[in-house]
Structures are given as structure tokens and as C-alpha cells.
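In what follows, every heavy atom counts, from backbone to side chain, and hydrogens, waters and symmetry copies are set aside. Please read all numbers here as calculations on a predicted model, not as lab measurements. Naming convention: chains lettered A, B, ... in sequence-line order (proteins, then strands); numbering from 1 in each chain.
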Amino acid sequence: MLTIPFIRANTELTIQGLTKKHVANAAEIVNQLLAMDDDRKALLQQAEALLEKSNAAAKEIGALMQSGQKELAEGKRSETAALKSTIKEREEAAKLAEKAMLDLLVTLPNLPHSSVPQGKTAEDNEITFTWGSLPTLAADAQPHWDLIKKYDIIDFDLGNKITGAGFPVYKGKGARLQRALINFFLDEAIQAGYYEIQPPILINEDSGFGTGQLPDKEGQMYVTKEEGLYLIPTAEVPITNLYRDVIVNEKELPIKNVGHTPCFRREAGSWGAHVRGLNRLHQFDKIEIVQIHMPENSYAALEEMSKHVQGILQKLGLHYRVLRLCGGDMGFASALTYDMEVWSGAQNRWLEVSSVSNFETFQANRLKLRTKVDGKSILCHTLNGSALALPRIVAAILENNQGPDGIKMPDVLVPYTGFTHIN
RNA sequence: AGAGGGGUGUCCGAGUGGUUUAAGGAGCACGCUUGGAAAGCGUGUGUAGGUCUCAAGCUUACCGAGGGUUCGAAUCCCUUCCCCUCUACCA
């Protein structure tokens, strides 16, 4: 979330940024927020003044008791007892004012970086780079949902039986391809200096708050009935939350972590056209990279992460493009996001396979993730990106590499799969 | 899951209602000392908020978390989380 001191010092900038992200009535909300903070401070001061008085009196009573002046102590006691209810009342008022302010503050998205294009929908995203060329496919090229049936490698019907829609079962070479991709992606990340983490895939409420899923987006996550734990929508949540309530030594920065996890998304209400086959699932595997930086280095890190993801796509020989998301299409917590999309040969459309973002201090403020500069604590910058999500990569490989002898595996993957073709 | 014991600062650790303004030790930083180091001596060493032009200062909260009792809570009570031991179960 944004910080009040920042909003106070950069009120105009804040309003402009929120407007770019299509927050309605940004100016009104910001002014209300500042008024609420003034309110909070005033109430806090009242409460603290009374507390100071009461603390002093309690200390006096203690001293009187010790020196045996019981009568005096008793008198003082009844005097200060009267303060109690007023103090409690003011403390509660201050607490309520703070909560009201925070409740509003957490609803505000992060401010977009100055390079973020204006715009409302995916149409307004800016294409910054395109690599490779359209695959040449036979006229009878099939979409992946037909190919997986033809080769019997991914089974939606079985998934329906044991769980429900959107939970496919990977079989035989389909399962082995999954495992190959996971290992390939992890190895690529490790080679690029990332440290591997295997986090829990259920998280508590504090973690959901730390990275911005909660409050507000609980509808997108599965939750366990008894414990109230959430199934992670992405490894970003547990891996970033490792640093919740942490003051990291500047010498330990940058932190570069990678982890593979299954990801769970309810995708409530988002089913319809364009979501056939592997395009959108309730459960899928993803390798996630997370970085933590000194503020001045975070944008260089974002470029590095983008290059890392692109390097993998190039090794896989997938035609892709890079988008700089516009204000209306970017995520709640992000300041700048690049999406990578691969070309899906038989669907004739681009599929998003990665999203890399710089959150600047937005998550760090929620997490209380700080470092020290000249003895003062400052918020770190957090970044993350998919490197990569599996299902759409699988869809693209299947569709783009189909031929008369089956589906040819990209060369880099063969050492991992142990086979050259799915046939 | 049941019974019992715990959770104090960067770490160890004392503290069962009132100079706790959290003892003591270790570590760390700086200074003195030294040819240099060690030892020794001295000083300092948390987070967040408020006040303040800045700094200093003052002030509030924080002893796992939340609530309560009290003039006053690390200390007493309740709830909850986590750790340890034993039992049970299990891969």
C-alpha cells in the first residue's frame, strides 16, 4: 500500500497516478484520506496526553506506597481512577480512526511508473519487442485440446471425475513434459543466480495481506474450511512473505529467489470463450522468480528479469512478444509490468505466459520489509515474475511443433524429457 | 489428538504487581591504549507512532499475538498462535 507521508508530500502526483489506474474520484479519496489521518493524529495526541498524566500518577502512587504514606497514596488513587474511562474512550476513538484510514488506504492501488502508457484495456498495451516468426504449420494443424486427445497425454475427463473442471490429469509423456519443463525452468533460474525455495502452498491471512491478495480478492482463492488457510494463487505469495517483518542487511541485497509450486485459482466468473483446454485452469504449475532490491536498483532488476524470461522463450524457440501494460490493464500492486505472450499456432492468438512486475515499495510497506540506510530504515523494493507458467507453454509447444511424426520437442528440452517426439 | 513445560532485546539469560528507566553476560560499533592486533578500559547499541523547520529533546506503544483485571502488568486472568517433552497416530 501507499504510505501516508508519501501521499502528503506528493498529493498531486498521487492523484494523477491513481487516475491513470482508473480509480474513480481519486482527488476526493486522497483528500479524504489526508483528513482522516489528521483526525487520527489529533485523537492519538489526546489519548497520549492523558496516558502520560496517568503514568506519572501511577508512578507517584508507587513511590508513596513504598515510603509508607498510605493515606496520600489512597487519595491519589481515587483521583486517577477517574481518568481511566476517559483514557479508554480516547484510545478507542484513536484506534477506530486509524482503522478507518487504513481500510481506505488499502483499497488504493499502487501508482504506475511514468513509462506506463495511458489506457484502459489490453488493446492499449504497448508492444515493446517481438521475437521469432510465425510457425509454418500444415493446413490441418490442430489446436492443443485436440492434440492432447490424439496423443492421450492430458486428460480433462479424468480430472472432471476426480475433482472438477479445470483440473487436468497429465499422463505419460504429458506428465514427463511437465516434469521436464519444471526442471528446465528451475535450472535456468539457478544458473542466473537465483536461490531455490520450496514453500508451503497454503498460506495464512497475514501472508495474503502482505502481497496484496487480501483483503478484497479472497474470491479468487480457495480456502480450507477448518483452518481458514488459502491455497496459493502463485508462489509469489509465500516466497515474498518470507521477508515479512524483516529488516534485511543491505549487504544481503539483492535477494533472488526462485520456486516451483502448483498454483490454484478459482477464476470465479471468468469462464467463457478463449478458455478451452490449457488456456485457463484452476490448478497449474508455475516457476516464479522473486527479487528484493534497494530502491535505486529495482528497475534495472526488472529489465534483467524480463531478459531472463525472454532467454528461456528463445531457447524454446517460441515466437513471442513483450508488452508494457497500460494503466488500466496492470495489476493492483504493480508500478510497471511487462507481459510476455507466445504465439499459439493453431489458435492463431497470443497467449500470456509470463508477467514480470516491479512493485516498488507497495508490497514492502504491507510486509514491513525494510533495510537500513545511514541508520534509518527504508522500505525495500520487491519484484516478481513467472519464469514460467507451464500450461500455455505446453499449449504453444504442442501446437507450434506439430508435424507428420508427432510433436517435436525443443532441443533444449530433450535432455530433460528423455524423448524427442510425442507420437 | 491428549497431558505437562515454555515463548523476554541481535543472541544467551534474570525478572511472580510499584526507581524495570528490562539486571547481567555475549556480540556488534566507536573511542582510548598499541608499531599492529589481542586483552583491558570507556561510550554507545531495537521497532513503530506523535511533537518539532531540522537535529536534540520530550512523549506513547511494543517482553509471541489479541483482550481483561488494576491507580500501576513482562509478572495475575481469558482467548489464540508457535516451540519442547511424554503419550497416541503416521509417511
Quantified in whole Å, what is the [atom1] atom distance between nucleotide [N] and nucleotide [M]?
{"N": "B:C32", "M": "B:U16", "atom1": "P", "answer": "42 Å"}
{"N": "B:A3", "M": "B:G9", "atom1": "C1'", "answer": "33 Å"}
{"N": "B:U79", "M": "B:U21", "atom1": "C1'", "answer": "32 Å"}
{"N": "B:G42", "M": "B:U85", "atom1": "P", "answer": "42 Å"}
{"N": "B:G66", "M": "B:C58", "atom1": "C1'", "answer": "30 Å"}
{"N": "B:C77", "M": "B:A91", "atom1": "C1'", "answer": "41 Å"}
{"N": "B:A56", "M": "B:G49", "atom1": "P", "answer": "15 Å"}
{"N": "B:G17", "M": "B:G50", "atom1": "C1'", "answer": "29 Å"}

Donor-acceptor contact present, side-chain A:Thr361 to main-chain A:Ala364, <3.5 Å: no
Under 3.5 Å: donor-acceptor pair, side chain of A:Asp124, backbone of A:Thr121: yes
Below 4.0 angstrom from OP1 or OP2 of [N], is there any side-chain N or O of [X]?
{"X": "A:Lys84", "N": "B:C71", "result": "yes"}
{"X": "A:Arg77", "N": "B:U70", "result": "no"}
{"X": "A:Arg370", "N": "B:A48", "result": "yes"}
{"X": "A:Asn55", "N": "B:U60", "result": "yes"}
{"X": "A:Gln45", "N": "B:U60", "result": "no"}
{"X": "A:Lys95", "N": "B:G49", "result": "no"}
{"X": "A:Ser377", "N": "B:A48", "result": "yes"}

Watson-Crick or G-U counterpart of [N], or none if no pair lies under 3.5 Å:
{"N": "B:A73", "answer": "none"}
{"N": "B:C86", "answer": "B:G2"}
{"N": "B:A91", "answer": "none"}
{"N": "B:A23", "answer": "none"}
{"N": "B:G40", "answer": "B:C32"}
{"N": "B:A61", "answer": "B:U47"}

Starting at [atom1] of [X] and ending at [atom2] of [N], how long is that distance when rounded to a whole Å?
{"X": "A:Glu205", "N": "B:C81", "atom1": "CD", "atom2": "C1'", "value": "14 Å"}
{"X": "A:Ile61", "N": "B:A73", "atom1": "CD1", "atom2": "C1'", "value": "15 Å"}
{"X": "A:Leu43", "N": "B:G50", "atom1": "CG", "atom2": "C1'", "value": "13 Å"}
{"X": "A:Leu64", "N": "B:G72", "atom1": "CG", "atom2": "P", "value": "16 Å"}
{"X": "A:Leu229", "N": "B:C82", "atom1": "CG", "atom2": "C1'", "value": "14 Å"}
{"X": "A:Leu379", "N": "B:A48", "atom1": "CG", "atom2": "P", "value": "9 Å"}
{"X": "A:Asn249", "N": "B:G27", "atom1": "CG", "atom2": "P", "value": "19 Å"}
{"X": "A:Lys53", "N": "B:G50", "atom1": "NZ", "atom2": "P", "value": "23 Å"}

Could you please name the option among [options] that lies closest to any side-chain atom of [X]?
{"X": "A:Lys41", "options": "B:G50, B:A61, B:C71", "value": "B:G50"}
{"X": "A:Arg40", "options": "B:G49, B:U60, B:G72", "value": "B:G49"}
{"X": "A:Lys376", "options": "B:U60, B:A55, B:C71", "value": "B:A55"}

A:His308 and A:Tyr194 aromatic ring geometry - parallel, tilted or perpendicular at 30°/60° bounds: tilted
Along RNA chain B (nearest heavy atom to each residue), the more 5'-positioned of A:Glu92 and A:Ala57: A:Glu92
Most 5' of A:Leu51 and A:Ser54 on RNA chain B, judged by nearest nucleotide: A:Leu51
Working for side chain to side chain donor-acceptor pair (under 3.5 Å), residues A:Glu399 and A:Gln347: CA-CA 8 Å; A:Glu399 292 182 10; A:Gln347 298 181 71; 3.2 Å; yes
Cation-aromatic face contact A:Lys173/A:Tyr151, 6.0 Å, 45 degrees: no
Which part of the nucleic acid, if any, lies within reach of [X] when heavy atoms closer than 4.0 Å are counted: base, sugar-phosphate only, or nothing?
{"X": "A:Lys88", "value": "sugar-phosphate"}
{"X": "A:Arg90", "value": "nothing"}
{"X": "A:Leu44", "value": "sugar-phosphate"}

Least distance between heavy atoms, A:His421 atom then A:Met409 atom: N-CG, 4.4 Å
Derivation and outcome, side-chain contact (heavy atoms from CB on, under 4.5 Å), residues A:Phe264 and A:Ile201: CA-CA 9 Å; A:Phe264 302 89; A:Ile201 59 177; 4.0 Å; yes
Close side-chain approach of A:Thr234 to A:Arg265, heavy-atom, < 4.5 Å: yes
